[in-house]
Amino acid sequence: MGSSKLSTHLHTDFQVREHQSSVLIGETGSGKTTQVPQFLLAAELGSGKIAVTQPRRVAAMSVASRVAQEMDVELGKEVGYLIRFEDMTSEETRLKYMTDGMLLRECQIDPFMSQYSVIILDEAHERTLATDILFGLLKEVLLKRPELRCLVMSATLEAEKFQDYWTGAPLLRIPGRMFPVETFFTLRPEKDYVAAAVETCCLINAHEGPGDVLCFLCGEEEIEKACAEIQARAEETGQETLVLPLYSSLPMNQQRRVFPPAPEGTRKIIVATNIAETSLTIDGVVFVVDPGLFKQMLYNPRTHVESLLVSPISKASAMQRAGRAGRTRPGKCFRLYTLETFEKELPESTYPEIIRSNLSSVVISLKKLGVDDIVHFDFMEPPSPESMMRALEMLYFLGAIDEEGDLTDIGSKMADFPVDPHLSRSIIASARHSCLEEVIQIIAMLSVPPPFSRPRYAQKAADKAHKHFASGYGDHLSLLNAYRAYVDCGSKAEFCREHFLSERNMRQAENVRKQLASLARKSSHLESLENGHEKMLTTSIRKAFVEGFFMQCAHLDESGKHYLTVQDQQMVAIHPSSFLQHKAEWVLYHETVVTDRCYMRNATAIPPEMLIEVATKFYHPDRCKLTAHAKKMLRRALPRAKVAN
DNA sequence: AGGGTTTTTT
């Protein structure tokens, strides 16, 4: 270890001894993630463990394994990691790398985080939901545990903002070791960023010296298109070029192709989404092409609709992207926007997740953690009152909180499950309807990326294969069919290939199912009753989902052509990928997706009498607040509904 | 007829 680095660490140690909390700002390669925790461990600050949080699972795993190597200990002993589905820690573990979500989850059992004497929140500038909540919780814990030490580690931008929030915590800067990256801007704005990106890649390929290229785009389709164009143009000019796409839904074996160096004399050009900004690091990149855009999920509490929009990146992201060119030697970054745009239009840092999310999960977990006054919780970035009200209202409708806003017994049980409140409510209901196993299997399938794969070159074949699982009731029961068939089949790989299922996502669903089932067993009041007859199951499963999703239903309008949501009469359509092929009068949907139209994804037909029976307050024609046409349809169904008057 | 998913996490 060089002497300058050592003094930095001594400095760190000193500050952390003197103050409860510190903010540490470090550049890439500064060793803040690997060496600072080791140093604090050696400093023996208290007798507890040191927790280091990371926003991503892979980071927690790989950093832990590197630190174990550096300390020459076995991974899982003194140094370990804890992520969902995998606990690589033991009694001896003193330095514990974990995802921020995991530490938050642990707080439900141990709100004072009493097993730790030091807590380090790394990558705090990413402002993940979990880190932002941990911020507020830690502030409260620090009041009660004066011996606890807390270190917030972040990239270089907006250091003062963190320092302000942590009321005067000492600010430490540690320089990194990165190669210089020369940055270029365009002289005027580009009209078509995909075309400009393709053009720039081709120019680099033709005129720059050796070195791989990393080009950022926003989505799968434009990435595939850009790759094809770059490859075609390289072949025209006779340059040896390996063009590779990279995005998260790309099969693993294809993702892995971006890492090995290209053959001698061949240039590698990788066209990637944001995944290459932080999640994956590719060595050997010398040129970065940055159009300054990315796709972002935005939640509108007023309309209750989430939409995926192309938005400008932040200055922090732009720097992160540029940094990807300087990991192995000096590099260049070509920004496809003007210097003026960079300075005047890009926000300093990315919009924190908490500002653009549906807060119902956040609110229920805070309630479970004993934070009663959520409106006055010390958020670094308080979410809008409107967003908060929407969440509270929803939880009240679900019976998770009472009129006072206090968590009910049902709400407390719901919070045990790591899924959305709608879903946890359906789990609770399923026990009463004797279909716990099945509902958990369906929820596992709903909680992973789409298990039905539909590759561009075999769309027809995939659709045909998927029909094998189709249930006339719709998608929830079709997902159940697929899950059951997968569990029962012999060779998983072969079965998935034949039926166009994503093996990766199916395995993930299996993991989720296992976890939910084990939580359900532990949950004291959730006895798993004997299952009813198979014939009754389709009814009881749908009833259980209605209990969680009665606010996410839609009915046909007067013309019989369109659906209107019961929440705010928004016009929606059944997604073309749905197994629900007939125009059922009433449908329940898992979520809506907005393209040029608004689609319901994962929809299931629900007979109106079932709605009246299960969610009487909302669907009784004499009491509900629905449109006249909806009431008319409900009134027609009323005689068939078994409802106490 | 209808098919614009980025990325994480419990």
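Naming convention: chains lettered A, B, ... in sequence-line order (proteins, then strands); numbering from 1 in each chain. As the structure is a computational prediction, the values presented were derived from the model and not from experiment.
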Within this structure, what is the [atom1]-to-[atom2] distance between [X] and [N], rounded to whole angstrom?
X	N	atom1	atom2	result
K295(A)	dT6(B)	NZ	C1'	8 Å
Y351(A)	dT8(B)	OH	P	23 Å
L217(A)	dG4(B)	CG	P	19 Å
R127(A)	dT8(B)	CZ	C1'	16 Å
M102(A)	dT10(B)	CE	P	6 Å
F294(A)	dT6(B)	CZ	C1'	9 Å
H575(A)	dA1(B)	NE2	P	18 Å
K583(A)	dA1(B)	NZ	P	11 Å

Would you say the ring centroid of [X] lies under 6.0 angstrom from that of [Y]?
X	Y	value
H555(A)	Y563(A)	no
F545(A)	Y589(A)	no
F469(A)	H499(A)	yes

Closest to the [X] side chain: [options]?
X	options	value
Q581(A)	dT6(B), dG2(B), dT8(B)	dG2(B)
I83(A)	dT6(B), dT10(B), dT8(B)	dT10(B)
Y599(A)	dT10(B), dG3(B), dT8(B)	dG3(B)
P576(A)	dG3(B), dT10(B), dT6(B)	dG3(B)
S248(A)	dG3(B), dT8(B), dG2(B)	dT8(B)
I275(A)	dT10(B), dG2(B), dT7(B)	dT7(B)

Indicate whether OP1 or OP2 belonging to [N] is found under 4.0 Å from a side-chain N or O atom of [X].
X	N	result
T273(A)	dT6(B)	no
R57(A)	dT10(B)	yes
T99(A)	dT10(B)	yes
S365(A)	dT10(B)	no

Please work out if [X] contacts a base, only the sugar-phosphate, or nothing of the nucleic acid, heavy-atom cut-off 4.0 Å.
X	value
D463(A)	base
R56(A)	sugar-phosphate
S279(A)	sugar-phosphate

With DNA chain B as reference, determine whether V58(A) or E591(A) sits nearer its 5' end, using the nearest nucleotide of each.
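Per heavy-atom nearest nucleotide, the more 5' residue is E591(A).
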Partner set under ring pair (Phe, Tyr, Trp, His ring centres under 6.0 Å) for Y599(A), not counting sequence neighbours
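If we apply the ring pair (Phe, Tyr, Trp, His ring centres under 6.0 Å) test to Y599(A), skipping adjacent residues, the hits are H575(A).
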Requested in this report: Hey, can you tell me if Y299(A) and H304(A) have their rings parallel, tilted or perpendicular (30° and 60° cut-offs)?
Outcome: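 If you compare the ring of Y299(A) with that of H304(A), the planes turn out perpendicular.
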Query raised in the report: Under 3.5 Å, is there a donor-acceptor pair between the side chain of Q54(A) and the main chain of A60(A)?
Result: no
ask   = Between the base of dG3(B) and the side chain of R454(A), is there a donor-acceptor distance below 3.5 Å?
value =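 Such a pair is found, so the answer is yes.
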